Amino acid sequence: MTTRALAEFVAGLQPETLPKEVTAQAARVVLDAVGCAVAAWTEDAEKSRIAREIAAMYPASPGAGVIGARGIAAQPAFAALANGILVNAADNDDTHKVALLHVGSCVVPAALALAEARGLSGPRLLAAVVAGYEVAVRVGMAVMPTHYRFWHSTATNGTFGGAASAANAMGLDADGAQRALGLAGTQAAGLNTFFESGDMTKSLHPGKAAMNGVLSAQLAALGMTSPPGILEHPKGYLAAFSLEPKAAALTAGLGSTWEILNNGFKFFPSILASHSPIQATLAIVAKHRPDPARIARITNETYNTVLSHFSAKEAATVMAARVSVPYCIAAAAVDGVLTQAQFAAARIHDPLIRRVLDRTEVIADPQLNTLYPANFPARVTITMEDGQSFQETVMLPKGDPGNPLSDAELEDKFRTNVEPVFGAAQATRLRDAILRLADGGPVGALSAAMVPGG
């Protein structure tokens, strides 16, 4: 049974069996996720308040903390919920491009909450992250791309990752892990409706995936039963959530091909589909300096999903702007950069950006669509009022596994996220605590460094 194979993998995964490069990548995933969570306190104060307050409603001793908040020891499931919200709050968290899934925001909060509450070692935490990553991505690849018509992959497929991380962190045997995966599958949910409204459910989804993962493992440990073949059953997850499921993807290369090594870390704080067109737009601006006030039209020829999911132009909220490819292009064309500053509430209503946004269109190109998802192609053309035009094409944006962030660049991103909240000295302590996890560093040191003044 396919679900059984995944359960045996989760139960059998031990820190000492992992290749060094896999453990190192898991630490990078934690570094990026924690950095994104800290940044939420400056980039989305309202979501951060909600995350802190929901966790505080469910205290526990021993409990787990909320990243960036002092004085909270919460039940692990609710700490995972809060931290999942925080990691995704500014849409700057990692992505596996084939599964189209923010894995870190689902698996790191689940693994971290249980590691804190149970006093696990750094290597055990990283192994739990790897277990969740490998399961979530394989489930995602098995149901994509038709899954994405309605379902938010981070919410749905991420729930399996949260459960796998939690089951590994709790030391469940294969039977227990199988029950946890079954319980996860029957809870998996999360709709793509937010792409137009830009509401907070986008960030609720990874938090709920992490929470449901912890709850699934806890219930499994208590003996609760679940469908043993939740993935492959005729009325199971693959059949229900995909028009063309690929069951073989669930176990292909399991334990030998490590999908965590195919992880992408975001270079821009916006939907991944915007990164190639942003990069192309910035290249045009750097080379030709077009006057944004004289732009007549911008086109982004690209793959089909950008048009169907990420082309809304209302961008009335900060999150709506982050998931609007036309907005990201327009802001990059006007400002010549694309950072958190371009998503400030006042900036998204700037009259010149709005004027350029009105003139920006997404076009699905059949030839470019055949290159996706191995590539994330974007051909951006800026046409001026005098008829002059400039064009750039980007296939793999910065941060993609084929064009990766270096360790130094990932640390720069981490510092940019953390230093405005914690200061330079604590940012260094937090970085060191994470990067020492693989060497046996205690989770307690990490926990202390994740709160102000730690």
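Computed from a predicted model, the values in this text were never measured in an experiment. The figures that follow rest on heavy atoms only: side chains count, while hydrogens, waters and symmetry mates do not.
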Hey, does the side chain of Thr186 reach the backbone of Gly182 with a donor-acceptor pair shorter than 3.5 angstrom? no

_Angle between ring planes, Phe194 versus His205, binned at 30° and 60°: parallel, tilted or perpendicular?_
perpendicular

message: If the threshold is 4.0 Å, N to carboxylate O, is there a salt bridge linking Arg4 and Asp175?
response: yes

| request: Ignoring hydrogens and angles, state whether a donor on the side chain of Thr95 or His102 is under 3.5 Å from an acceptor on the partner side chain. | output: yes

**Prompt:** Do Ser105 and Asn88 have side-chain N/O donor and acceptor atoms under 3.5 Å apart?
**Reply:** no

Do Gln279 and Pro397 have side chains that approach each other closer than 4.5 Å (heavy atoms only, starting at C-beta)? yes

Got a salt bridge between Lys202 and Asp91, using NZ or NE/NH1/NH2 to carboxylate O under 4.0 Å? yes

Step through the shown structure and confirm whether more than 12 heavy atoms of other residues, nucleotides or ligands are within 6.0 Å of CD on Gln367. no

Rounding to 0.5 Å, atoms OG1 (Thr23) and CG (Asp439) come to a distance of 10.0 Å

- Task: Verify the distance criterion only: is there a donor paired with an acceptor across the side chains of Thr428 and Arg415 at less than 3.5 Å?
- Result: yes

>> Is there a side-chain contact between Asn263 and Gln25 in this structure, where contact means two heavy atoms from C-beta onward sitting under 4.5 Å apart?
In response: yes

* **Candidate pair Trp151 and Asn192, rule side-chain contact (heavy atoms from CB on, under 4.5 Å), full reasoning** => CA-CA 5 Å; Trp151 302 105; Asn192 273 332; 5.5 Å; no

Which of Val137, Val135, Thr3, Leu250 passes side-chain contact (heavy atoms from CB on, under 4.5 Å) with Phe160? Answer is Val135

Tightest non-hydrogen contact, residues Val87 and Cys36, listed as O-CB, 3.4 Å

How far apart are the C-alpha atoms of Glu244 and Thr146, what are their side-chain angles, what is the distance that settles it, and do they pass the side chain to side chain donor-acceptor pair (under 3.5 Å) test? CA-CA 7 Å; Glu244 46 185 26; Thr146 58; 5.0 Å; no

Count the heavy atoms of every other residue, nucleotide or ligand shown that sit under 6.0 Å from CZ of Arg436, and state whether that count exceeds 12. no

Donor-acceptor under 3.5 Å (Asp94 side chain, Phe265 main chain)
no

With the side chain counted from C-beta on, respond yes when Phe310 and Ser324 share a heavy-atom pair under 4.5 Å apart, and no when they do not.
no

Discussion item. Check this for me, if you would: do Asp407 and Arg28 make a salt bridge, where the nitrogen-to-carboxylate-oxygen distance has to be below 4.0 angstrom?
Written reply: yes

- request: Start with the C-alpha distance between Phe376 and His275, add both sets of side-chain angles, then the distance that settles ring-ring contact (aromatic ring centres under 6.0 Å, His included), and finish with yes or no.
  value: CA-CA 9 Å; Phe376 271 43; His275 289 203; 9.0 Å; no

Margin query: For a 4.5 angstrom cut-off between non-hydrogen side-chain atoms, does Val38 reach Asn417?
Written below: no

Going by an N to O cut-off under 4.0 Å, is there a salt bridge joining Glu53 and Arg49?
yes

Here the pair of heavy atoms bringing Ala166 nearest to Ala217 is CB-CB, 3.5 Å

On a heavy-atom basis, the closest approach of Ser270 and Leu338 is OG-CD1, 4.5 Å

Smallest heavy-atom separation, Ala40 atom then Ser48 atom, equals O-OG, 3.0 Å

Could you tell me whether Glu419 atom CD has more than 12 heavy atoms of other residues or ligands within 6.0 Å of it?
yes

- [ ] Check whether the side chains of Arg322 and Gln340 place a donor and an acceptor atom closer than 3.5 Å, and report yes or no.
- [x] yes

Heavy-atom nearest pair, Pro76 first then Leu114, reads CB-CD2, 4.0 Å

Set out, in order, the CA-CA distance, both residues' side-chain angles and the distance that settles side chain to side chain donor-acceptor pair (under 3.5 Å) for Tyr303 and Asn375, then state yes or no. CA-CA 10 Å; Tyr303 56 97; Asn375 294 277; over 6 Å; no

Open item on the list: I'd like to know whether Thr156 forms a side chain to side chain donor-acceptor pair (under 3.5 Å) with His147, so could you lay out the CA-CA distance, the side-chain angles of the two residues, the decisive distance to 0.1 Å, and finally the verdict.
Closed with: CA-CA 10 Å; Thr156 50; His147 181 78; 2.7 Å; yes

Heavy-atom distance under 4.5 Å between the side chains of Tyr133 and Trp258, does that happen here? no

- Task: Report yes if the side chains of Val139 and Leu231 come closer than 4.5 Å at any heavy-atom pair, otherwise no.
- Result: yes

task: With the side chain counted from C-beta on, respond yes when Asn157 and Arg138 share a heavy-atom pair under 4.5 Å apart, and no when they do not.
output: no

- Query: Could you go step by step and tell me if Ile363 and Thr302 meet the side-chain contact (heavy atoms from CB on, under 4.5 Å) rule?
  - Reply: CA-CA 6 Å; Ile363 300 171; Thr302 187; over 6 Å; no

Next on the checklist: If we ignore hydrogens and angles and just use 3.5 Å, is the side chain of Lys413 paired with the main-chain N or O of Ala408 as donor and acceptor?
Outcome noted: no

Query - Derivation and outcome, side chain to side chain donor-acceptor pair (under 3.5 Å), residues Gln342 and Thr339 - result: CA-CA 6 Å; Gln342 279 62 53; Thr339 67; 3.0 Å; yes

For Asn369 and Asn304, the nearest pair of non-hydrogen atoms, with its separation, is OD1-N, 2.9 Å

Query raised in the report: Under 30°, 30 to 60°, or over 60°: which ring-plane class applies to His309 and Phe195, parallel, tilted or perpendicular?
Result: perpendicular

Pairwise side-chain contact, Glu43 with Val318, heavy-atom cut-off 4.5 Å (strictly under): no

